[in-house]
Structures are given as C-alpha cells and as structure tokens.
Amino acid sequence: DIQCVDAPRLRAKSFVVGKVLPAALAVHDRAKLTEFLLRAQMIQTYYHISATVCAVSAVEQEGSRTTIFKASHLYFTNRKNVDHYGFSITIGRDGTITVAGVR
C-alpha cells in the first residue's frame, strides 16, 4: 500500500509512504519511480492552486536514491500567499519510499 503525503506540510518531519515491490524495482529505475509518485500526486505539492517544484540534487548510493526538491506553493485565503519549502524523496534499496521535509 502507498499512502499520500502533503509535502508542504512536512516541515522537518519524515513519513514512510510505502514500499515499491521487487518486481517493479527490477523493471523501473528509482528516478522514474520518483517522477511517477509526483505526477500521480501520491506526493502532493500543493493544496489549492499550484506549485512550482524543482529537483535540486539527487544522490544514489548503495542501491538507494534520494532526490531533494525546492518548491513554492501558491494559494489564496483572503489574499495571495506563496510558501517556500523543500522536501526529499528516498527510495531505499529494499523499495521503502520515504518523504521528508527539508529546510
């Protein structure tokens, strides 16, 4: 099972989203799986209007991959708001998916 997570609300917390099955790891690389999680909105990057998300670095070591993102989230209350935040997505050697807030 994979659970959705709100990246803008993570702050400095980390959250295990789920696990990629070994058969999927054998066919898909971790970079593509990370992209899929974002495009499928399993890792949500905004609440109301939109977000601009940029991958700033990626590190592969010992069978795992961590990608670090910087983002800005646009939303409206009684006025326009833009929050800036960072987060990382790690897909471990065993397929464990962890999302963490980055300051």
Side-chain angles (χ1 to χ4, degrees):
D1 290 338
I2 294 179
Q3 300 176 22
C4 290
V5 64
D6 289 329
R9 294 183 179 157
L10 283 173
R11 306 288 178 218
K13 299 175 194 165
S14 65
F15 185 77
V16 174
V17 175
K19 197 167 186 176
V20 181
L21 297 174
L25 285 173
V27 177
H28 303 287
D29 69 21
R30 285 165 175 78
K32 289 290 185 187
L33 291 168
T34 298
E35 180 182 350
F36 171 77
L37 291 168
L38 289 168
R39 289 188 183 275
Q41 296 184 9
M42 296 306 297
I43 299 167
Q44 299 170 345
T45 57
Y46 65 95
Y47 330 129
H48 297 142
I49 305 300
S50 67
T52 301
V53 179
C54 180
V56 294
S57 67
V59 176
E60 291 192 39
Q61 71 181 47
E62 299 179 13
S64 70
R65 178 184 173 93
T66 299
T67 307
I68 297 174
F69 298 89
K70 295 292 182 186
S72 60
H73 165 231
L74 171 66
Y75 64 99
F76 291 86
T77 52
N78 289 334
R79 60 182 171 80
K80 179 180 177 179
N81 298 279
V82 178
D83 286 343
H84 300 279
Y85 64 98
F87 65 100
S88 66
I89 301 172
T90 300
I91 300 178
R93 169 186 263 169
D94 66 349
T96 300
I97 305 163
T98 305
V99 180
V102 175
R103 293 201 177 246

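For reference, positions follow the sequence shown, starting with 1.
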For residues [X] and [Y], report the shortest heavy-atom separation together with the two atoms involved.
| X | Y | result |
| --- | --- | --- |
| Cys4 | Phe15 | O-CE2, 4.2 Å |
| Ser64 | Gly92 | CB-CA, 3.6 Å |
| Gln41 | Gln44 | O-CG, 3.3 Å |
| Val56 | Lys70 | CG1-CG, 3.8 Å |
| His84 | Ser72 | ND1-CB, 3.4 Å |
| Thr67 | Ala58 | OG1-CB, 4.0 Å |

Measuring only between side-chain heavy atoms, which start at C-beta, is [X] closer than 4.5 Å to [Y]?
| X | Y | value |
| --- | --- | --- |
| Phe69 | Ile43 | no |
| Tyr85 | Leu10 | no |
| Arg9 | Phe87 | no |
| Leu33 | Leu25 | yes |

| Would you say Arg65's side chain and Ile89's backbone share a donor-acceptor pair under 3.5 angstrom? | no
Verify the cluster assignment for [X] and [Y]: are they in a single hydrophobic cluster under the rule of side-chain heavy atoms below 4.5 Å apart?
| X | Y | value |
| --- | --- | --- |
| Leu37 | Val102 | no |
| Val53 | Val17 | yes |
| Leu21 | Val27 | no |
| Leu38 | Val5 | yes |
| Val20 | Ile2 | yes |

| message | Using 0.5 Å steps for rounding, measure from the CD atom of Glu60 to the CG atom of Asp29. | response | 7.5 Å
| query | In Å and rounded to the nearest 0.5 Å, what is the CD1 to OG1 distance from Ile91 to Thr34? | reply | 3.5 Å
